[in-house]
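When a ligand or atom number is given, it counts from 1 through the structure's own listing order. Keep in mind that this is a model prediction, so the values were computed, not measured.
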Amino acid sequence: MNALLEAQGLSLRFGRVRALDDVAIAIWPGEVLAVVGESGSGKSTLLRVLSGQQRPEAGIIRFDGTDIHEAGEAALRRLSRTDWGFVHQNPRDGLRMAISAGGNIGERLMSNGARHYGDIRAQAKDWLARVEIDPARIDELPRNFSGGMQQRLQIARTLVTRPRLVFMDEPTGGLDVSVQAKLLDMLRALARDLSLAIIIVTHDIAAARLLAHRIVVMRHGQVVEEGLTDRVLDDPQHPYTQLLVSSVLAA
Ligand SMILES: Nc1ncnc2c1ncn2[C@@H]1O[C@H](COP(=O)(O)OP(=O)(O)OP(=O)(O)O)[C@@H](O)[C@H]1O
């Protein structure tokens with residue numbers, strides 16, 4: 001089996017800061033990969049670069065074997081609408097707050113060519129139910145929803161077109177602990193049921209443990225350790241991972 005997304009030699013500086021320093025990473029179909037590390041270690045930059053939102057100074061990124069930058073801007077935009085999804089930490093960055101919940105889901109379907117109003121509305125209702133939002137609220141604006149509901153709506157909007165790979169940047173950040181737990185359970189079930197590949201950036205080691213098959217640990221723009229989740233968390237090899245894991249256990 002070939003990697004779904006594969007990157008090598010990724011480097012990017014901001015002034016004197018090396019946000020990415022020769023990073024290599026691969027994700028396989030249906031795999032959940034967590035990227036962990038302290039604030040400023042380069043996690044969000046890596047996600048932006050892997051998803052084509054920011055160009056690296058050096059390195060290559062292949063999706064399904066094709067260099068995403070060589071394929072051109074139009075191909076990259078098409079990937080973002082079809083095979084890829086992006087879930088932002090702040091749902092406001094991933095939703096359109098001035099259109100209804102159903103409109104948010106339907107818009108992504110329409111950008112993929114759906115035209116039949118009845119079908120679009122039926123799919124929107126179906127997805128609202130899947131993310132445990134009452135379908136009767138389909139015509140409400142997202143601003144009427146709680147933070148957890150907005151995040152679930154963003155997930156519905158992203159997944160309705162069945163992407164194969166979803167980039168998630170701290171999707172549970174900023175939510176209450178009980179809301180986070182519910183969202184994580186939902187993400188785990190969706191990833192399994194839809195065979196989604198997910199690259200999730202998180203500060204939260206417990207979330208990584210729950211969701212991820214594999215973990216990549218970043219520090220100062222470099223990958224310092226990677227491996228199967230249980231191995232990395234139960235038997236960390238790099239001193240920085242040991243510190244990261246022990247600071248969570250002590251908290
Ligand atoms: N647009 C930018 N301009 C200047 N510096 C940036 C920019 N984006 C990121 N950086 C710097 O690059 C480094 C990596 O930042 P990044 O946001 O990727 O880290 P992170 O691990 O995601 O942190 P956090 O967990 O706090 O989001 C940091 O030193 C940051 O200040």
(request) Any pair with a residue in residues 18-72 that passes ring pair (Phe, Tyr, Trp, His ring centres under 6.0 Å), sequence neighbours left out, goes on the list, sorted by first then second residue, please. (result) Phe63-Trp84
(message) Using a 4.0 Å cutoff against the non-hydrogen atoms of Val17, which atoms of ligand 1 qualify?
(response) 12 (O), 13 (C), 29 (O)
(message) Do Leu33 and Val216 make a side-chain contact, defined as non-hydrogen atoms from C-beta onward lying under 4.5 Å apart?
(response) yes
(request) Using non-hydrogen atoms of the residue, decide whether Gly37 is closer than 4.0 angstrom to ligand 1. (result) no
(request) Please confirm whether Glu38 comes under 4.0 Å of ligand 1, counting heavy atoms of the residue only. (result) yes
(request) Could you tell me whether atom 9 (C) of ligand 1 has a protein heavy atom closer than 4.0 Å? (result) yes
(request) State whether the number of non-hydrogen atoms from other residues, nucleotides or ligands found under 6.0 Å of Phe14 atom CZ is greater than 12. (result) yes
(message) Below a 4.0 angstrom heavy-atom separation, can you tell me which part of Thr45, side chain or backbone, both or neither, approaches ligand 1?
(response) both
(request) Tell me which part of Arg48 gets within contact of ligand 1: side chain, backbone, both or neither, using heavy atoms under 4.0 Å. (result) side chain
(message) Taking Leu4's backbone N and O only, do any of them form a donor-acceptor pair with Glu6's side chain (distance below 3.5 Å, no angle check)?
(response) no
(request) Looking only at protein heavy atoms, identify the closest one to atom 23 (O) of ligand 1 and say how far it is in Å. (result) Gly40 N, 2.8 Å
(request) Report, in ascending order of atom number, the atoms of ligand 1 lying under 4.0 Å from any heavy atom of Ser41. (result) 19 (O), 20 (P), 21 (O)
(request) Please could you name the atoms of ligand 1 that His203 approaches to less than 4.0 Å, counting only its heavy atoms? (result) 25 (O)
(request) Say whether Glu170, considering both its backbone and side-chain N or O atoms, lies within less than 3.5 Å of an N or O atom on ligand 1. (result) no
